[in-house]
Asker: 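Supplied in structure tokens, the structure appears directly below.
As a basis for the values below, the full set of heavy atoms in this structure was taken, side chains included, without hydrogen atoms, waters or symmetry mates.
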Amino acid sequence: MLDFSALDGAYGILTSSWSAWLWLVPGLIIGLVFGAMPGISITMAMAIFLPITLYMDFLPAIVFLTSIYTGAGFGGSVPAVLMNIPGTSSAVATTFDGYPMARSGRHNQALGVALASSVIGTLSSYVLLLFLIVPVSIIVLKLGPLEMFAIAVWGLLLLGSLSGSSVWRGLLAGVFGVLLGTIGMNTAGFIRGTMGVPWLLDGIPAIPAMMGLLAASQLLNLINTTYLIENEDDRKISFAKIIEGVKLTLKYPTIIFRGATIGVIVGAIPGVGSSISNLISYSETRRNAPDGDSFGSGNPKGVIAAESANSSSEGGAMATMLALGIPGGGATAILLAAFAMHNIIGGPQFIAQNRDIVYAIIFSNFAQAIMLLFVGLVFVYLAASIVRVPLRFLIPSVLVVSTFGSYAILGSLAGPITLFIFAILGWAMVRYDYPVAATVVGLLLGSLLEQNIIRTWQISRGDIGYLLERPGAIFILLVMVTSVTLTAVTKHRRKKALAAKDAAES
């Protein structure tokens, strides 16, 4: 599995010059700051700094960009915990328990839990990547649109149990999100639901819509509140409590290992990535936890499950990019562009001929994850100050930043208009007790579902028997059915046990 001569070569590359290491901390800081800003995606942060790497050697350039990738991966969890605003789409599940923890005065602990989970998740994913980069690339090559459709359906079925008290309201909100995700022109050339608006031809812009649904709607609900945390004593910023959160994470190695495994596998699938892995990990942890009913109200296990999965997706996406030359998402596409700028083409030939460089990249990611712990501790300590800012200043500031961020994404007024329309929609959904997060996930999954069902239909020519020719899809469907069935059985047992307990007490 390991090529020891290449490992020796990687050690030589990394110790022969300090130029690569000098870019590690700046990259992490840039990633943390950009990832924590609503509306600024990881891809955008990397794209902004990509031209600078043209003047660097190859390895320092990749270390710098992957450091931004690692920092931004965790940075998105900071606004998710403090303001219920996921900085990136992969931090959606972090809001479910991170924000309730912050509102109850446990913001320091929640940030510590998120940081430690991200660090361990990233480390775990690269350890797995070191040993599994070749087998993973073989498996990914065998995945077709039917398998990706099955995974997207799995993510959709999880919506009902993600948040809120009613499964049906969750599913309804999720289906509504999927319908929103089908607006625009599909891969077959059909145009739906655009109402003649030209900028809807490419569909509803996901990031501005997500910011409106989750961020602006939340801020509208806080208008009559003085601070994010009402109790003055709970607003204190405590480094000791952040460390307490880090230590708390170490008590749940099973959750971290499960999240890292899910993250690597799902993250390695092009086009799926961390947006779904954090939801699957959260749902599986909730189902297996004895206190699953407390998820959604501030259970740190929910934060651990979400953050360990979305951070480990980075390793999975890197496996696909390095082994096959296929970008799993926007961030890895930027990395491939950096490869091309240095006249290097990623893929099987690159691994075969430059395995020492591949190992050097993986080792540099180990260092990034370790440094993220220290840089991240300082960052979250400073970021936690947000809870001490009166909301009369914070709400307009965040709205202005979000508005500019949504404008920057599209470069037109379509971004801010989408933001404010979905802010009102999100406010109405919260008012009538429909889970906003389910609509966000449905919106993210909508185009993925549609594209892959169309491709499957085209490949199979409408023959349902095509499913029997795809053992991978059958396996995923079996896992999905088992997961959903076990979730329902677990819920039923918990309700039964609670009813028996109430009867005994009365």
Asker: What is the minimum heavy-atom distance between L443 and A209, and which atoms define it?
Answerer: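 Shortest heavy-atom contact: CD2-CB, 3.7 Å.
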Asker: Hey, mind stepping through D433 and R169 against side-chain contact (heavy atoms from CB on, under 4.5 Å) and telling me if it holds?
Answerer: CA-CA 8 Å; D433 198 25; R169 281 175 183 262; 4.1 Å; yes
Asker: Would you check if there is a donor-acceptor pair between the side chains of S277 and S313 at a distance under 3.5 Å?
Answerer: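 S277 and S313 do have a side-chain donor-acceptor pair below 3.5 Å.
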Asker: Treating S238 as the side-chain partner and K241 as the backbone partner, does any N or O pair qualify as donor plus acceptor under 3.5 Å?
Answerer: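 Indeed, once roles are kept as given, a pair shorter than 3.5 Å links the two residues.
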Asker: Just verifying a value: how many Å separate R392 CZ and S397 OG, rounded to the nearest 0.5 Å?
Answerer: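 Separation between the atoms: 11.5 Å.
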Asker: If I take atom CD from residue E307 and atom OG1 from residue T122, how far apart are they, to the nearest 0.5 angstrom?
Answerer: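 It is 9.0 Å, given to the nearest 0.5 Å.
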Asker: Please answer whether the main-chain N or O of I280 pairs with a side-chain N or O of S283 as donor and acceptor at a distance below 3.5 Å.
Answerer: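 No, S283 side chain to I280 backbone: no donor-acceptor pair under 3.5 Å.
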Asker: Which heavy atom in S311 sits nearest to a heavy atom in S118, and how many Å separate them?
Answerer: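 Shortest heavy-atom separation between S311 and S118 comes out as OG-O, 3.3 Å.
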Asker: Side-chain contact, heavy-atom cut-off 4.5 Å: L449 with V178?
Answerer: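 Yes, at least one pair of side-chain atoms sits under 4.5 Å.
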Asker: Nearest 0.5 Å please: distance from the CG atom of L115 over to the CG atom of L372.
Answerer: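 One gets 5.5 Å once the value is rounded to the nearest 0.5 Å.
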Asker: With heavy-atom distances below 4.5 Å as the criterion, would you say the side chains of W21 and L24 are in contact?
Answerer: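 The answer is yes; the side chains approach within 4.5 Å.
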Asker: Is the backbone N or O of A93 less than 3.5 Å from a side-chain atom of N278, with the two atoms forming a donor-acceptor pair by type?
Answerer: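 A pair under 3.5 Å: yes.
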Asker: Which residues pass the ring pair (Phe, Tyr, Trp, His ring centres under 6.0 Å) test with F363, not counting sequence neighbours?
Answerer: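 Partners of F363 by the ring pair (Phe, Tyr, Trp, His ring centres under 6.0 Å) criterion, ordered by chain and then number, come out as F366.
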Asker: Can you tell me if S117 uses its side chain to pair, donor with acceptor, with the backbone of S308 under 3.5 Å?
Answerer: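 Flag not set: sc S117 to bb S308 has no pair under 3.5 Å.
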Asker: Measuring only between side-chain heavy atoms, which start at C-beta, is V246 closer than 4.5 Å to V119?
Answerer: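 The answer is no, as the side chains (C-beta and beyond) never meet within the 4.5 Å cut-off.
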Asker: Do the non-hydrogen side-chain atoms of N299 and D291 ever get within less than 4.5 Å of each other?
Answerer: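 In short, these two side chains touch, coming nearer than 4.5 Å.
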Asker: Do T94 and N310 make a side-chain contact, defined as non-hydrogen atoms from C-beta onward lying under 4.5 Å apart?
Answerer: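 They are in contact (side-chain heavy atoms under 4.5 Å apart), so the answer is yes.
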Asker: Got H107 and L82 here, is their nearest side-chain heavy-atom distance under 4.5 Å?
Answerer: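 The answer is yes; the side chains approach within 4.5 Å.
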Asker: Any idea which heavy atoms bring S297 and S294 closest together, and the distance?
Answerer: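 In terms of heavy atoms, the two residues are closest at OG-O, 2.5 Å.
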Asker: Report yes or no: does R431 contribute a side-chain atom to a donor-acceptor pair with the main-chain N or O of G426 at less than 3.5 Å?
Answerer: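 A pair under 3.5 Å: no.
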Asker: In a table with atom names and distances, give each donor-acceptor pair under 3.5 Å that connects a side chain of residues 248-265 to protein atoms at least two apart or in another chain.
Answerer:
{"from": "T249", "atom 1": "OG1", "to": "G245", "atom 2": "O", "distance (Å)": "2.9"}
{"from": "R258", "atom 1": "NH1", "to": "T285", "atom 2": "OG1", "distance (Å)": "3.2"}
{"from": "T261", "atom 1": "OG1", "to": "F257", "atom 2": "O", "distance (Å)": "2.8"}

Asker: Not counting sequence neighbours, which residues clear side-chain hydrogen bond (donor to acceptor under 3.5 Å, both in side chains) with D97? List them please.
Answerer: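 In terms of side-chain hydrogen bond (donor to acceptor under 3.5 Å, both in side chains), with neighbours along the sequence ignored, D97 is linked to Y282.
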Asker: With a 4.5 Å cut-off on side-chain heavy atoms, are E147 and F475 touching?
Answerer: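 No - every pair of side-chain heavy atoms lies 4.5 Å or more apart.
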Asker: Which residues pass the side-chain hydrogen bond (donor to acceptor under 3.5 Å, both in side chains) test with Y69, sequence neighbours left out?
Answerer: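 Expected list: none.
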Asker: Where do A306 and S281 come nearest, in terms of heavy atoms and distance?
Answerer: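 Where A306 meets S281 most closely, the heavy atoms are N-OG, 4.5 Å.
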Asker: Can you name the residues that form a side-chain hydrogen bond (donor to acceptor under 3.5 Å, both in side chains) with T70, not counting sequence neighbours?
Answerer: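 Residues passing side-chain hydrogen bond (donor to acceptor under 3.5 Å, both in side chains) with T70: E314, Q368.
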Asker: Taking the side chain as every heavy atom from C-beta outward, state whether F176 and L425 have any pair of such atoms under 4.5 Å apart.
Answerer: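 Answer yes - side chains close enough.
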Asker: Looking at A173, is its backbone amide N or carbonyl O close enough to the side chain of T439 to form a donor-acceptor pair, meaning the two atoms are under 3.5 Å apart?
Answerer: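 Yes; at least one donor-acceptor contact below 3.5 Å.
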Asker: What's the spacing between L123 CG and S125 OG if we round to 0.5 Å?
Answerer: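 One finds 8.0 Å between CG of L123 and OG of S125.
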Asker: Can you tell me if N365 uses its side chain to pair, donor with acceptor, with the backbone of I361 under 3.5 Å?
Answerer: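 Yes, because the side chain of N365 sits within donor-acceptor range (under 3.5 Å) of the backbone of I361.
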Asker: At what distance, to the nearest 0.5 angstrom, does CZ of F64 lie from CZ of F49?
Answerer: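 The CZ atom of F64 sits 5.5 Å away from the CZ atom of F49.
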Asker: Using every non-hydrogen atom in the two residues, find where A110 and V303 come nearest and quote the distance to one decimal.
Answerer: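 It is O-CG1, 4.3 Å.
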Asker: Could you give the side-chain donor-acceptor pairs of residues 374-386 under 3.5 Å, partners two or more places apart or in another chain?
Answerer:
{"from": "S385", "atom 1": "OG", "to": "L382", "atom 2": "O", "distance (Å)": "3.0"}

Asker: Are any side-chain N or O atoms of S67 and backbone N or O atoms of V63, one a donor and one an acceptor, separated by less than 3.5 Å?
Answerer: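 Side chain of S67 to backbone of V63, a donor-acceptor pair under 3.5 Å: yes, one is there.
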Asker: What is the distance from atom CD1 of I242 to atom CG of L111, rounded to the nearest 0.5 Å?
Answerer: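 Spacing of CD1 (I242) from CG (L111) equals 6.5 Å.
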